[in-house]
Amino acid sequence: ISKKDCTQYKEEMSKILSEMEQNQNNASFMYSLNTDKKIQEDYVKKLWNSSETIDYFLEPNVLDENKKLKIDPDTNKPYEFSKAVCKIGHALHMKNKVFYDLIWRDDCKRIFRDLGWKNPRVPQSMYICKNAKLGSAVEAHRDATFLYNPSDDNILTFDDNNDPKKHSPQKTNDQENSNPGNNILGMWLALDDANLQNGCLWAVKGSHNSRIPRRVYRNKTNDAMTEEGKDETYPENFWSPLEVSAGDLVLIHGDRKSTR
C-alpha cells in the first residue's frame, strides 16, 4: 500500500486509542497472563470478548502495584497510555469502517483468488504497536497453534468397483495427517519500516512443512487457556530476519514458526 495509506491507518488508530484512554480501566488489562487466578480469568474473558469488538491490551510490566501506569524515567511522568498499549483487536475488520475497507479491499481478495482459496473467512484482526522502549518481543510461535483450522473437506476415495465414494474426514488417515496450518494465512502489513534496528519479523525457513506440535485453546469452563504439546526449539542460526518497508505486506503460512 502507499505511504499515504499507511498514514491514514496510523491516524485512525490514534483516534481509537484516544477514545479508549478516556474509558480505560487498567485493573485487568494486562497483556500477558498473570499467575493470579482472578487476573488470569479477567484477561481470558477480555480476550474472548475482544473477538467481537475492539479492545486494547497493555504491554507487560507497565502497571504498578496500584494498577496505575508506571513512571517513565525519561520524563518522570506516567507512561503515555498510547505508548503503553501492546495491541488492539480483534474485530477491527468488523467494527471500524477504515480498517474494514482495508481488510476487504480488492487487493486482499485478489491474493486469495490467486492462491486458489475458496470462501476464505477472517477470524481476527489486530493492530500491533511495538512502541519504542516498551514494545515487548512476542515469543516464537505458529499462528495455527491458536487458530487451529483443519480442513473439513470430504476426501474422495474409491471402492472395490473403482467407483468414487466419500468418507468422513475424521475417519481417514489423510485427514489425520493433514496440516491445519495449511488452512490459515496471516497477513502482516507494515505501517512503518521494520528492520534489524527497530525490530522486524523473524521466521524459520521450511518450518511450515512440519506438524503443529502445540495447541492452545479454551478450557471447558472458558476461564483459562489449556495447552497440549510443546513447541520445538530452533538454534539461533535457523532464524532469518524479514525486513520490510512501510506499505509492504508479508504473508505468513499458518504453520510457519515466527516471532515478532
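Numbering starts at 1 and runs along the sequence shown. Values reported hereafter were calculated over all heavy atoms of this structure, with side chains retained and with hydrogens, waters and symmetry mates removed.
Counting only distance, with no hydrogens or angles, the side chain of Lys46 and the backbone of Tyr56 share a donor-acceptor pair below 3.5 Å. For the pair Asn96 (side chain) and Val98 (backbone), a donor-acceptor distance under 3.5 Å is present. Although no hydrogens or angles enter the test, the distance criterion places no donor-acceptor pair under 3.5 Å between the side chain of Asn149 and the main chain of Ile184. In this structure a side-chain-to-backbone donor-acceptor pair under 3.5 Å is missing from Ser207 to Arg256. Checking side-chain atoms of His93 against main-chain N and O of Gln124 turns up no donor-acceptor pair under 3.5 Å. Put simply, the side chain of Glu243 gets close to the backbone of Leu196: a donor and an acceptor are under 3.5 Å apart. Ser125 contributes a side-chain N or O that, together with a main-chain N or O of Leu92, makes up a donor-acceptor pair within less than 3.5 Å. Here the side chain of Asn195 pairs a donor or acceptor atom with the backbone of Asn198 at under 3.5 angstrom.
With values rounded to the nearest 0.5 angstrom, Leu102 atom CG is found 6.0 Å from Ile1 atom CD1. In this structure, CD on Glu11 lies 12.5 Å from CE on Met13, to the nearest 0.5 angstrom. Rounding to the nearest 0.5 angstrom, the gap separating the CD1 atom in Ile212 from the CG atom in Asp255 is 4.5 Å. Taking CG of Asp55 as the reference point, atom CE of Met20 lies at 5.5 Å (rounded to 0.5 Å). How far CG of Asn131 is from OG of Ser136: 10.5 Å, rounded to the nearest 0.5 Å. Remark: Trp188 CH2 to Asp248 CG distance equals 9.5 Å, nearest 0.5 Å.
With sequence neighbours left out, Asp192 forms a salt bridge (charged side-chain N to carboxylate O under 4.0 Å, His left out) with Lys10. A search for ring pair (Phe, Tyr, Trp, His ring centres under 6.0 Å) contacts involving Phe99 returns Tyr9, not counting sequence neighbours. Remark: Ser14 engages no residue in a side-chain contact (heavy atoms from CB on, under 4.5 Å) (not counting sequence neighbours). Residues that satisfy the side-chain contact (heavy atoms from CB on, under 4.5 Å) test with Lys70, not counting sequence neighbours, are Asn61, Asp64, Tyr79.
Residues Phe146 and Tyr217 keep their aromatic ring centres 6.0 Å or farther apart.
Using a cutoff of 4.0 Å between basic side-chain nitrogens and carboxylate oxygens, Arg214 and Glu227 are scored as salt-bridged. Using a 4.0 Å cut-off between a side-chain N of Lys or Arg and a carboxylate O of Asp or Glu, Arg142 and Glu232 qualify as a salt bridge. Taking 4.0 Å as the cut-off between side-chain N and carboxylate O, Asp72 and Lys77 do not count as a salt-bridged pair.
Note that Lys205 lies outside the cation-pi zone of Phe238, set by a 6.0 Å cut-off to the ring centre and a 45° limit from the axis.
Counting heavy atoms from C-beta outward, Val204 and Ser240 have side chains that stay 4.5 Å or more apart. Put simply, the side chain of Leu63 does not reach to within 4.5 Å of the side chain of Lys68, judged on heavy atoms. Side-chain atoms of Lys130 and Val138, non-hydrogen and from C-beta on, do get closer than 4.5 Å to each other. Residues Ile88 and Cys129 have side chains in contact (heavy-atom distance under 4.5 Å, counting atoms from C-beta outward). Taking 4.5 Å as the limit, some side-chain heavy atom of Leu134 sits within range of a side-chain heavy atom of Val62. Taking the side chain as every heavy atom from C-beta outward, Val85 and Glu59 never approach each other to under 4.5 Å. The closest side-chain heavy-atom distance from Thr226 to Lys220 is not below 4.5 Å. Considering only heavy atoms from C-beta on, Tyr234 comes within 4.5 Å of Lys257 through its side chain.
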Name every donor-acceptor pair, under 3.5 Å, that has one atom in a side chain of residues 47-54 and the other anywhere in the protein, sequence neighbours excluded.
residue: Asn49; atom: ND2; partner: Lys45; partner atom: O; Å: 3.3
residue: Ser50; atom: OG; partner: Leu47; partner atom: O; Å: 2.6
residue: Ser50; atom: OG; partner: His90; partner atom: ND1; Å: 2.8
residue: Ser51; atom: OG; partner: Trp48; partner atom: O; Å: 2.8

With a 3.5 Å cut-off and sequence neighbours excluded, list the donor-acceptor pairs that the side chains of residues 103-110 form with protein atoms.
residue: Arg105; atom: NH2; partner: Asp107; partner atom: OD2; Å: 3.2
residue: Asp107; atom: OD1; partner: Arg110; partner atom: NH2; Å: 3.0

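Nearest heavy atoms, Leu69 versus Glu80: CD1-C, 4.4 Å.
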